[in-house]
Amino acid sequence: MSNDSALFLGQFLRAPASIGAIAPSSQRLAAAVCAPLPERGEPTVVELGPGTGPFTQEIQRRLAGRGHHLAVELNEPMAKILAERFPKVDVVHGDAAELTKLLAERGLRQADVVVSGLPWAAFPSELQRGLLGAVTSAMNPSGAFTTFSYVHAIPLARARRFRALLADRFEEVVAGRTVWRNAPPAFVFHARRPRPAAELLR
């Protein structure tokens, strides 16, 4: 077992509801999740729940020194390892619910892309709504949000609620192909153009 896998398993056993996985994501899944990153410009890219960094590495590869990469990790041991491993990434040991505040503290107005590794299907409905509300409030009106779900979680009630919530909060939601070369297999959600808060209240 690799050091990253051992860390993931240990943290999962301590807090399964917040970690949500027993192993880091594969390179194939990282490539699929990070596909919406723009090839030009200076984008603000937010990464939620980076864990030990498989998505972080792919984001850094695609940015190649451009823009601002903010990685928000609630788990302190993982945040520490991530900061040591990726010194060019702005790693924060913090809560995704405070995303607007974290961006403002850095003089950043909005996120152009949000890449999420959070275990949405493990969260109760209220937490799903609160976190996704914080995400959409911090996003550019034309921004992109990507996350993934494990195939085995598809029939779960919380997974179904999250898919419905995505459709409610974004104008466009597309499910990508299944990434079989991941443990466990997963598929990606690509969402674009968050709906304004006023529109959700109608």
Side-chain angles (χ1 to χ4, degrees), residues 4 20-21 24-74 78-79 81-83 85-92 94 96 98-100 102-120 131-150 162-163 166-167 169-182 185-195:
D4 283 4
S25 299
S26 68
Q27 292 182 350
R28 292 289 183 94
L29 182 58
V33 167
C34 298
L37 267 71
E39 297 180 357
R40 298 180 178 84
E42 300 290 329
T44 296
V45 178
V46 172
E47 183 182 8
L48 305 177
T52 55
F55 296 171
T56 312
Q57 184 174 9
E58 181 66 13
I59 292 169
Q60 283 293 289
R61 186 187 72 78
R62 290 173 182 253
L63 288 178
R66 299 178 294 120
H68 191 109
H69 180 183
L70 173 64
V72 184
E73 176 55 60
L74 187 62
M78 288 186 176
I81 288 176
L82 199 74
R85 186 171 291 175
F86 300 97
K88 293 183 180 180
V89 177
D90 184 2
V91 179
V92 176
E98 299 182 346
L99 184 52
T100 300
L102 293 173
L103 289 170
E105 289 174 348
R106 288 155 176 78
L108 301 171
R109 187 166 172 266
Q110 293 175 315
D112 298 301
V113 179
V114 177
V115 172
S116 172
L118 297 177
W120 295 97
L131 287 175
L132 197 57
V135 168
T136 55
S137 295
M139 289 180 64
N140 184 315
S142 60
F145 170 79
T146 60
T147 189
F148 69 95
S149 177
Y150 294 123
F162 177 66
R163 292 197 296 273
L166 277 179
R169 295 297 177 94
F170 290 90
E171 293 182 6
E172 177 186 352
V173 180
V174 177
R177 294 181 179 180
T178 301
V179 179
W180 294 106
R181 297 184 69 174
N182 190 75
F187 61 93
V188 180
F189 288 113
H190 296 288
R192 294 184 180 275
R193 299 185 300 279
R195 299 184 193 277

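The basis for the numbers below is simple: all heavy atoms, side chains too, and nothing from hydrogens, waters or symmetry mates.
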Using the side-chain hydrogen bond (donor to acceptor under 3.5 Å, both in side chains) rule, take Trp120 and Thr147 through it: C-alpha gap first, then chi angles, then the decisive distance, then the call. CA-CA 9 Å; Trp120 295 97; Thr147 189; 3.3 Å; yes
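- Residues Val72 and Leu102 have side chains in contact (heavy-atom distance under 4.5 Å, counting atoms from C-beta outward).
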Pair Asn140-Arg109, side chain to side chain contact (heavy atoms under 4.5 Å, CB included): steps then yes or no: CA-CA 9 Å; Asn140 184 315; Arg109 187 166 172 266; over 6 Å; no
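- When every heavy atom of Phe187 is checked against every heavy atom of Gly176, the shortest pair comes out as CB-O, 3.9 Å.
- Across every non-hydrogen atom of Ala134 and Thr100, the tightest pair is O-OG1, 4.2 Å.
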Assess the residue pair Arg169 and Arg195 against the criterion (side chain to side chain contact (heavy atoms under 4.5 Å, CB included)); give the C-alpha distance rounded to whole Å, side-chain angles, the decisive distance to 0.1 Å, and a yes or no. CA-CA 5 Å; Arg169 295 297 177 94; Arg195 299 184 193 277; 5.9 Å; no
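- Using modelled atom types, one side-chain atom of Thr136 and one backbone atom of Gly133 make a donor-acceptor pair closer than 3.5 Å.
- Under the 3.5 Å distance criterion, the side-chain polar atoms of Arg106 are left unmatched by any main-chain donor or acceptor of Leu103.
- In this structure, the side chains of Arg62 and Pro38 stay at 4.5 Å or more apart for every pair of heavy atoms.
- Contact record, Ala144 with Pro36: CB-CB, 4.1 Å, taken as the closest heavy-atom pair.
- Here the side chains of Leu70 and Val92 are in contact, with some heavy-atom distance below 4.5 Å.
- Shown here is Gln110, whose CD atom has more than 12 heavy atoms of other residues, nucleotides or ligands within 6.0 Å.
- Side-chain atoms of Asn182 come within 3.5 Å of backbone N or O of Ser26 as a donor-acceptor pair.
- Remark: the Glu47 side chain and the Thr56 side chain contain an N/O donor-acceptor pair separated by less than 3.5 Å.
- At least one side-chain heavy atom of Leu48 sits less than 4.5 Å from a side-chain heavy atom of Val135.
- A 6.0 Å sphere centred on CD of Glu39 holds no more than 12 heavy atoms belonging to other residues, nucleotides or ligands.
- When atom types are taken as modelled, the side chain of Ser116 and the backbone of Leu118 share a donor-acceptor pair closer than 3.5 angstrom.
- With hydrogens and angles disregarded, a donor-acceptor distance shorter than 3.5 Å links the side chain of Arg66 to the backbone of Arg40.
- Nearest heavy-atom pair, Ala186 versus Phe148, reported as atom, atom and distance to 0.1 Å: CB-CD1, 4.0 Å.
- Within the 3.5 Å criterion, the main-chain N or O of Gly51 finds a donor-acceptor partner in the side chain of Glu73.
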Between Leu29 and Val188, does a side chain to side chain contact (heavy atoms under 4.5 Å, CB included) hold up when you go through it step by step? CA-CA 8 Å; Leu29 182 58; Val188 180; 3.8 Å; yes
Between Asp90 and His69, is the side chain to side chain contact (heavy atoms under 4.5 Å, CB included) condition met? List the steps. CA-CA 6 Å; Asp90 184 2; His69 180 183; over 6 Å; no
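- Not one N or O on the side chain of Arg177 forms a donor-acceptor pair closer than 3.5 Å with the backbone of Ala32.
- Counting heavy atoms from C-beta on, the side chains of Gln27 and Pro54 never come closer than 4.5 Å.
- A donor-acceptor contact shorter than 3.5 Å is absent between the side chain of Arg28 and the backbone of Arg181.
- Residues Leu99 and Leu131 are not in side-chain contact: their nearest non-hydrogen atoms beyond the backbone lie 4.5 Å or more apart.
- The two atoms that bring Asp112 and Pro43 nearest to each other are OD2-CA, 3.4 Å, heavy atoms only.
- No side-chain heavy atom of Arg61 sits under 4.5 Å from any side-chain heavy atom of Cys34.
- In this structure, Phe170 has its ring center under 6.0 Å from that of Phe145.
- Within the 4.5 Å cutoff, the side chain of Val114 has no heavy atoms near those of the Thr146 side chain.
- Across all their heavy atoms, Ala30 and Glu58 have their closest contact at O-CG, 3.8 Å.
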